[in-house]
Amino acid sequence: MESASKTVTAVIPTYRRPRLLERAVKSVLAQTHRDVRVRIYDNASGDETESVARRLAGDDRRVSYHCHAVNIGATKNFQFGMDDVSTPFFSCLSDDDVLFPGFYAEALAAFDAAPDTMMSIGSTLEFTPDGRFLYAPLALWPRCGRFDPPGGAFAMLDNRHATWTGIVFRREVVEHVGSIDAEVGPPADLDFELRVACRYPFVVSFAPSAAYLNHASSVSAGEDASVIAGYRRIASKIAHDERLATDFRSRIAPLLQRQMRRKLIEIVVKGLCADNLEVAAHAAGRLSTDFAGSFEARTAVAAYRLCSTSRFARSVLRSIERARLRLRARRSEQGTRRHSGTSPADFVHYLTLTPGLDAQR
């Protein structure tokens, strides 16, 4: 009977990253839990992606390949893959990310211990392509273990939501809350996790489970102020979901507003540090119109006005931002060591590409 099955499908959307795709697929096939399926969804790459994917499928019957006739966009490709899952469990893996070998086994063991949970979450470590450790959201969480609704949703806020690369979901959760919402855009992973956390329990492990690669073509690297439309959609859906308690909706609303405000501030800072004044200006403008009453927002707008006209001020800002990110990385590394007894450095070797493949992004 299927309910007794522990097959996990790795949903891997891809677009023109054949070398990285191979690494992602092989990280699934290397799981200590062997009952896996790999579903590759090619967004009409039109390059060697198809030949790489078909070779991988020919080498291992657990791998299958689907190619869209046209590019449907990254978020819709994830949506298509999630809707296509037919196994009891699944995870979502971007083509440039990597799973660590024990991830699925640990996630399924956690499900066994808490059979009513819908997400089993491990710690995803964020690296640069050359292996420099950047961040681990779960390393800053106060505890692991079980989180019940709707309280678990609060732990997802303030840029600390679990990177979904390190999450295994039960398939039925899609039937209960729907799949990823393509209209949300870049924060669609946060939206999906919140929809689950608002209504169902989940379990968290501090064990490092996957690596997220932060590089120039990452979704987060290209964010601009337009991303706020997605956050507003998230907030609106929660505010109008009558299945959720009124008290919960009133408590989470200002926290989502704070997250939007801080996301815009982050975009202002990133834009200024990269000398992308147009992106910074747009985000500062949104802060001025949407969050004018916030001291935090007014300070960011004032910093934008100063830095947009002064290269020296931008240089100082870059130094401050580098120091902030180094501090966050250090705190994340310390948290990872404290919680799991391992160091991010212990997992860098999983980023190595197959011999003969380069690390082109």
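For the pair L138 and A162, the tightest heavy-atom approach, listed with the atom from each and the gap, is CD2-CB, 4.2 Å. Nearest approach of K6 to H33, heavy atoms of both residues: O-NE2, 2.8 Å. The two residues A284 and V301 make their nearest non-hydrogen contact at O-CG2, 3.6 Å. For F192 against G178, the heavy-atom pair with the smallest separation is CE1-O, 3.1 Å. Closest approach of S209 and A207 over heavy atoms only: OG-O, 3.0 Å.
A salt bridge does not link E321 with R318: every distance from a Lys NZ or Arg NE/NH1/NH2 to an Asp or Glu carboxylate oxygen is 4.0 Å or more. Between R249 and D241 there is no salt bridge, since none of the side-chain N atoms of the basic residue sits less than 4.0 Å from a carboxylate O of the acidic one. Ion pairing of D191 with R233 is absent here, as no side-chain N (NZ or NE/NH1/NH2) approaches a carboxylate O to less than 4.0 Å.
For R143, the CZ atom counts as densely surrounded, since its 6.0 Å shell holds more than 12 non-hydrogen atoms of other residues, nucleotides or ligands. Within a 6.0 Å radius of NZ in K237, other residues, nucleotides and ligands contribute more than 12 heavy atoms. Heavy-atom neighbours of R34 CZ from other residues, nucleotides or ligands within 6.0 Å: above the threshold of 12. E278 CD: 12 or fewer foreign heavy atoms inside a 6.0 Å radius.
Cluster partners of Y135 are L134, L140, counting Ile, Leu, Val, Met, Phe, Trp and Tyr whose side-chain heavy atoms approach within less than 4.5 Å, directly or via other members. Other residues sharing a hydrophobic cluster with V36 under the 4.5 Å side-chain heavy-atom criterion for ILVMFWY residues are V8, I12, L21, V25, V28, L29, V38, I40, V52, L56, V63, Y65, F89, L93, L99, F103, Y104, L108, F111, V168. Counting side-chain heavy-atom gaps under 4.5 Å among Ile, Leu, Val, Met, Phe, Trp and Tyr, the cluster of F312 also holds V316, I320.
Between Y200 and T117, every side-chain heavy-atom pair lies at or beyond the 4.5 Å cut-off. No side-chain heavy atom of T75 sits under 4.5 Å from any side-chain heavy atom of Q79. No side-chain heavy atom of N43 sits under 4.5 Å from any side-chain heavy atom of P13. The side-chain heavy atoms of N159 and P137, taken from C-beta on, include no pair separated by under 4.5 Å. The shortest side-chain heavy-atom distance between F90 and R39 does not fall under the 4.5 Å cut-off. Annotation: side chain of T336 is in contact with side chain of L125 (closest heavy-atom distance under 4.5 Å). Between R328 and L325 the shortest side-chain heavy-atom distance falls below 4.5 Å. At a threshold of 4.5 Å between non-hydrogen side-chain atoms, the residues F80 and H66 count as touching.
Atoms CG and CZ, from L213 and R23 in turn, are 5.0 Å apart once rounded to the nearest 0.5 Å. Annotation: the span from D189 atom CG to H161 atom NE2 amounts to 4.0 Å, rounded to 0.5 Å. How far OG1 of T14 is from CG of L20: 8.5 Å, rounded to the nearest 0.5 Å. The CG atom of L277 sits 6.5 Å away from atom OG of S308, with the distance rounded to the nearest 0.5 Å. A distance of 11.5 Å separates SG of C198 from CD of E193, quoted to the nearest 0.5 Å. To the nearest 0.5 Å, atom CZ of residue F248 and atom CD1 of residue I238 are 5.5 Å apart.
T124 places a side-chain N or O within donor-acceptor distance of the main-chain N or O of G166, the cut-off being under 3.5 Å. Between the side chain of D95 and the backbone N or O of Y15 there is at least one donor-acceptor pair closer than 3.5 Å. R195 places a side-chain N or O within donor-acceptor distance of the main-chain N or O of V177, the cut-off being under 3.5 Å. In this structure, the side chain of S27 does not engage the main chain of V98 through any donor-acceptor pair within 3.5 Å. Using modelled atom types, no side-chain atom of R199 and backbone atom of P149 make a donor-acceptor pair closer than 3.5 Å. Counting only distance, with no hydrogens or angles, the side chain of N77 and the backbone of Y41 share a donor-acceptor pair below 3.5 Å. Between the side chain of R314 and the backbone N or O of C307, at least one donor-acceptor pair lies under 3.5 Å.
L287 and L306 fall into different hydrophobic clusters, where Ile, Leu, Val, Met, Phe, Trp and Tyr residues are linked whenever their side-chain heavy atoms come under 4.5 Å apart, directly or through other members. V196 and V203 fall into different hydrophobic clusters, defined by Ile, Leu, Val, Met, Phe, Trp and Tyr side-chain heavy atoms under 4.5 Å apart, directly or through other members. The hydrophobic cluster containing Y212 does not contain M119, counting ILVMFWY residues as joined when their side-chain heavy atoms lie under 4.5 angstrom apart, directly or transitively. Under a hydrophobic clustering in which Ile, Leu, Val, Met, Phe, Trp and Tyr are joined whenever their side-chain heavy atoms come within less than 4.5 Å, directly or via other members, I167 and F154 fall into the same cluster.
For A155, the side-chain contact (heavy atoms from CB on, under 4.5 Å) partners two or more places apart in sequence, or in a different chain, are W141, F147. For F291, the ring pair (Phe, Tyr, Trp, His ring centres under 6.0 Å) test picks out no residue, with sequence neighbours left out. Among residues two or more places apart in sequence or in another chain, the salt bridge (charged side-chain N to carboxylate O under 4.0 Å, His left out) test is passed with K263 by E223, E266. Legend: residues meeting salt bridge (charged side-chain N to carboxylate O under 4.0 Å, His left out) with D148, ordered by chain and number and at least two apart, are R146. Qualifying side-chain contact (heavy atoms from CB on, under 4.5 Å) partners for D224, counting only residues two or more places apart in sequence or in other chains: S226, V279. The side-chain contact (heavy atoms from CB on, under 4.5 Å) check on R262 picks up D158, R258, E296, with sequence neighbours excluded. Residues passing the side-chain contact (heavy atoms from CB on, under 4.5 Å) test with S94 are F78, D96, D97, sequence neighbours excluded. With sequence neighbours excluded, no residue satisfies side-chain hydrogen bond (donor to acceptor under 3.5 Å, both in side chains) with R298. In this view, D290 and R232, R286 satisfy the salt bridge (charged side-chain N to carboxylate O under 4.0 Å, His left out) rule, not counting sequence neighbours.
For the residue pair R16 / S45, no side-chain donor-acceptor distance below 3.5 Å is found, with atom types taken as modelled. A side-chain donor-acceptor contact under 3.5 Å links S340 and T342.
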F202 and F169: CA distance, side-chain angles, deciding distance, ring pair (Phe, Tyr, Trp, His ring centres under 6.0 Å) verdict
CA-CA 9 Å; F202 61 89; F169 301 94; over 10 Å; no
Take R19 and E48, measure what salt bridge (charged side-chain N to carboxylate O under 4.0 Å, His left out) needs, and give me the verdict at the end.
CA-CA 9 Å; R19 295 166 175 81; E48 62 185 295; 3.3 Å; yes
When you look at T87 and R37, which way does the side-chain hydrogen bond (donor to acceptor under 3.5 Å, both in side chains) test go after all the steps?
CA-CA 9 Å; T87 59; R37 301 291 181 271; over 6 Å; no
For the pair Y231 and L256, evaluate side chain to side chain contact (heavy atoms under 4.5 Å, CB included) and give the outcome as yes or no after the intermediate values.
CA-CA 8 Å; Y231 283 94; L256 289 170; over 6 Å; no
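Using the six-membered ring where Trp is involved, Y350 and F100 have ring planes that are tilted, between 30° and 60° apart.
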